[in-house]
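Notes for the one structure printed next.
So that the names make sense, note that chain A is the first sequence line, chain B the second, and so on, each numbered from 1. What's counted below: heavy atoms across the whole structure, side chains too, no hydrogens, waters or symmetry copies. The structure presented is a predicted model; accordingly, all values stated were derived computationally and were not measured.
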Amino acid sequence: MRDEFTQRMHGSPEYRQEQLSAALDGMLTPNEQAALEMHLAGCETCARELEELRQVRALLRSLPEPALPRSFLLPIEGEVPAPQMPRTLVRVAARPAPANVTPLRQTSRRASRTLTATRWLGTLAAILGLALFLGTLLPGFVHQDLSYGGAAAPALDSKGSQAAAGRTATLQSAPAPTSGGENGATAGKTATATLAGTAPPYSVEQTPAANVPTTYEVPGPQLGDILRTVALILVVAGVGLALFSLIGARRL
Amino acid sequence: MTSDARSDEQERERGLIARAQQGDRVAFNALVETHQGAAFALAVRMLGDPDAAADVTQEAFFSAYRALGTFHGASFRAWLLRIVSNGCYDVFRARGRQPVTSLEALLEHDDGASSSDSRLPTMMVDPSWSPEETAIRGETIDSIQAALLQLPPEQRLAVVLCDIQGMAYDDVARVMETPIGTVKSRIARARAQLRLLLTRSGELSPPAKRHDAERSP
């Protein structure tokens, strides 16, 4: 026990400084105090260091209070002058802010920018997923010709063909088609993963059918289920991201 | 008896703050009279320049008066000293550089500490001393002030509040708005650096080991 304490005292200058300094102010716990006293009894170096720190404190305490160059009383009438220099005085006084630690502020500013971006990304994903999910609930969505449908149809069409094409890509190890843009590609990949895990055997047998008409031959409920799963994943992930970044922002 | 006197004093101060918050400048000036010594001393020890310190102190009282409505804290003194210390940081910023020289660099320039003393004014000397005492004490005071100015600002603030203003750790933490653990380590590092600097300038009785080392070769 004593050896361990000696090791820390002699191994880490910061630890030694803190123990000795706190001892001066009587800020050690009884256990720490006992360990320190035992150590000092056998260690001349540390005992001398403590004695010198005591002298430092005595010198500081001996400093006289400087005489005032003038009185700082406010004028009894008239305006109280506004601060001369561009100062943070009033602002800080009005709303006690964290100490002037510039690096910390910079770090948190960068972190909060990342968090804001994450929040937007999460919200966007959630909205996209929700729209997709609601789209699959439209009556007759799967049975209709997708290119014919209303406002939501074009987006769904690209997703649908992506899902089908993605399946083909898995089977043939070919690069995924790019017709759907970024979001389409992501959805396609997710759909591929879902298919690989859950699709019944007959969907695998449709290997050569990578073109759009084949997509319509896939039984309706199944395509709807896939899209709905993708949509739910998007919603859950999006909401999760947004919440996570919100919590993170509050902690800053 | 003492605790009675202290709580009387607190009671009086609370009354003055309440009146000053209503715009009573006489009441506010009573607060100024109580605290201007501590406020100016903090600024002088932080800045090492009485003129700048006087400006910072004056502006701190202006700011305190304007912002008094927002004061709900337990300690007016800690609140005021926080405003003063922020003013000091503004001066550092306005100077465009903070004295962040490393300890090693300082120890290489032995004369640096004493050469900057010359502009420290005699006003920091107690008029009740004899001329001899004044000379000796003045030199010591200059050395201590010079050493303080070598510390990084946060360490300087911590040690000035604790050892010169005589504040407890939790009051220092209130002024600096940092956890007590941070205060503790800043004070420790400040004292350790001051020990080296003051040993160097001959204010501390030199350790026996050094004499041995000098004799042996």
Side-chain angles (χ1 to χ4, degrees), chain A residues 13-25 27 44-45 48-49 51-102, chain B residues 25-26 28-29 32-33 36-37 39-41 44-45 50 54-55 57-67 70 79 82-83 86-87 89-90 94 123-127 140-141 144 154 159 162-164 166 169 176-178 184-185 187-189 191-192 194-195 198-199 203-205 207-208:
Chain A
E14 291 80 18
Y15 180 77
R16 185 174 68 245
Q17 286 167 10
E18 280 204 23
Q19 291 300 110
L20 294 176
S21 171
L24 271 190
D25 298 319
M27 293 294 282
E44 205 189 313
T45 315
R48 193 175 54 229
E49 189 167 329
E51 187 43 43
E52 288 177 10
L53 288 174
R54 203 187 303 278
Q55 285 185 45
V56 167
R57 189 180 61 169
L59 281 172
L60 290 170
R61 284 180 171 178
S62 77
L63 282 178
E65 190 164 279
L68 292 178
R70 60 172 190 263
S71 170
F72 296 109
L73 296 178
L74 260 55
I76 292 301
E77 289 185 1
E79 284 279 297
V80 170
Q84 293 297 302
M85 287 197 264
R87 297 213 154 176
T88 56
L89 289 181
V90 178
R91 199 168 15 123
V92 171
R95 186 186 53 81
N100 299 304
V101 189
T102 322
Chain B
R25 289 201 199 164
V26 176
F28 186 79
N29 278 342
V32 174
E33 282 196 38
Q36 60 183 355
F40 180 66
V44 166
R45 298 306 173 210
D55 289 347
T57 306
Q58 185 68 77
E59 299 218 0
F61 280 119
F62 291 160
S63 300
Y65 181 74
R66 289 161 169 271
T70 67
W79 184 74
R82 170 154 190 80
I83 299 177
N86 278 322
Y89 279 100
D90 283 336
M123 53 172 276
M124 288 185 210
V125 169
D126 192 320
T140 303
I141 291 169
I144 298 170
E154 306 83 41
V159 82
C162 177
D163 285 343
I164 298 178
Y169 282 22
M176 300 187 77
E177 288 190 342
T178 50
K184 190 175 159 188
S185 73
I187 291 172
R189 271 178 289 158
R191 285 173 177 162
L194 289 174
R195 169 177 162 258
L198 293 173
T199 302
E203 299 304 329
L204 292 189
S205 53

Toward chain B, the part of A:E77 with a non-hydrogen atom under 4.5 Å: backbone
Engaged part of B:L198 at the chain A interface, taking heavy atoms whose separation is under 4.5 Å: side chain
Side-chain touch B:N29/A:I76, heavy atoms, less than 4.5 angstrom: yes
Interface moiety of A:L24 toward chain B, non-hydrogen atoms closer than 4.5 Å: side chain
B:I144 portion near chain A, given a 4.5 angstrom heavy-atom threshold: side chain
Plane angle bin for B:F40 and A:F72 - parallel if under 30°, tilted between 30 and 60°, otherwise perpendicular: tilted
Partner set under side chain to side chain contact (heavy atoms under 4.5 Å, CB included) for A:A22, not counting sequence neighbours: A:M27, A:L28, B:K184
Under the salt bridge (Lys or Arg N to Asp or Glu O under 4.0 Å) test, residues paired with B:R25 that sit two or more places apart: none
